[in-house]
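In the text below, chain A, chain B and the rest are named by the order of the sequence lines, each starting its count at 1. FYI, side chains are in, hydrogens and waters are out, and symmetry mates aren't considered; it's all heavy atoms of this structure.
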Protein chains: 2
Amino acid sequence: MGKPPHTSYHSDPRVDALVDETIGRVADKWTLLVLEALEEAGEQRFSAIGRAVPGISQKMLTQTLRQMEREGLVTRTVHAEVPPRVEYRLTVLGHDLAEAFCGVWHWAERNIETIEAARAAFDARQ
Amino acid sequence: MGKPPHTSYHSDPRVDALVDETIGRVADKWTLLVLEALEEAGEQRFSAIGRAVPGISQKMLTQTLRQMEREGLVTRTVHAEVPPRVEYRLTVLGHDLAEAFCGVWHWAERNIETIEAARAAFDARQ
DNA sequence: CTGTATCCGAATTGATACTG
DNA sequence: CAGTATCAATTCGGATACAG
């Protein structure tokens with residue numbers, strides 16, 4: 001395992017492992033949703049992102065944003081005001097990732113009914 | 001939240017929720033790796049997939065394949081032989097998803113060094 | 001070979017309370 | 001406002017044993 005066949009111009013297993021690891025860190029639910037929120041609305045502050053991602057807890061939002069910052073997907077800007085204002089913005093890297101994920105979104109949107117039907121059929125069979 | 005701006009031809013929040021939920025189920029680590037293994041090598045039996053995804057336990061492989069079958073991503077064919085042979089194959093839906101994820105793989109491959117650098121810089125700063 | 005069932009520790013997550 | 005700290009609950013995942 002390691003890469004789609006049409007993807008690989010190299011075949012260093014260590015690079016494959018890194019790629020898999022990176023995807024593992026980046027492809028979790030909350031990261032995807034935050035990425036989407038930022039892609040959609042541009043630079044935004046902490047609470048606005050929280051509102052844009054219903055269901056996320058404050059803890060998960062903080063944790064996800066820190067992780068994204070660490071991966072280089074977002075920048076974090078603290079404005080020295082009272083009350084504090086912290087703004088998050090996608091980096092070019094983050095924006096590129098959002099675009100890459102677009103394909104997955106399209107897939108989900110296009111196939112939502114097929115998937116629901118498959119699920120219903122499977123459940124009926126069991 | 002709900003969709004990238006360039007994606008949405010509708011804006012039914014219930015559809016958005018469904019899409020997000022679907023992505024949540026489909027974007028987990030093992031599903032991605034199994035998807036990749038099947039995309040790369042075509043129809044394969046249980047144990048071959050296990051070998052193609054190093055690190056996965058039998059339990060997780062079974063569980064992941066069941067879930068993928070439920071979502072309509074793979075078909076499961078049992079051959080009435082002794083010993084039993086069970087083959088898994090991507091559906092069109094599954095294949096399309098694999099293609100959609102290709103973009104993410106490309107992104108990770110292209111940017112692996114940028115990401116590593118970002119991480120190192122972040123860690124040095126803390 | 002391809003599973004299912006069970007146990008158990010580890011890791012995630014949510015809720016709540018508190019702080020600069 | 002934008003977090004941090006903590007605890008409880010759930011979930012995840014590996015190991016093992018067993019079955020068709």
Verify the contact: side-chain N or O of [X] to OP1 or OP2 of [N], cut-off strictly under 4.0 Å; return yes or no.
X     : N     : value
A:Y88 : D:dC1 : no
A:S47 : D:dA2 : yes
A:R45 : D:dA2 : yes

Any side-chain to backbone donor/acceptor pair from [X] onto [Y]? Under 3.5 Å, distance only.
X      : Y     : value
A:T62  : A:Q58 : yes
B:W107 : A:G94 : no
B:T22  : B:L18 : yes

Euclidean distance, atom [atom1] of residue [X] to atom [atom2] of [N] [Å, nearest integer]:
X     : N      : atom1 : atom2 : result
B:Q58 : D:dT16 : CD    : P     : 13 Å
A:E87 : D:dG3  : CD    : C1'   : 16 Å
B:K29 : C:dA11 : NZ    : C1'   : 13 Å
B:Q44 : C:dC1  : CD    : P     : 15 Å
B:K59 : C:dC8  : NZ    : P     : 13 Å
A:M60 : D:dT11 : CE    : P     : 15 Å
B:W30 : D:dG13 : CH2   : C1'   : 9 Å
A:L61 : C:dG14 : CG    : P     : 12 Å

Note: contacts of residues 63-85 of chain B with DNA chain C (heavy atom, under 4.0 Å) are B:R66, B:R76, B:P83, B:P84
Could you work out, with side chain to side chain contact (heavy atoms under 4.5 Å, CB included) as the rule, every residue matching B:R89, not counting sequence neighbours? B:E43, B:T75
Using a heavy-atom cut-off of 4.0 Å across all strands, would you classify B:G50 as base, sugar-phosphate, or nothing?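 Nothing: the residue B:G50, judged by heavy atoms under 4.0 Å, touches no strand.
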Measure the spacing between CG of A:L33 and CE of A:M60 and express it to the nearest 0.5 Å. 13.0 Å
Among A:V92, A:T91, A:V26, which one satisfies side-chain contact (heavy atoms from CB on, under 4.5 Å) with A:L97?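 So, applying the side-chain contact (heavy atoms from CB on, under 4.5 Å) to A:L97 and each of A:V92, A:T91, A:V26, only A:V26 qualifies.
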Residues in side chain to side chain donor-acceptor pair (under 3.5 Å) with A:E113, at least two apart? none
When you get a sec, tell me which of C:dG3, D:dT6, D:dC1 is the closest nucleotide to the side chain of B:F46?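 Looking only at heavy atoms from C-beta outward on B:F46, the closest nucleotide is C:dG3.
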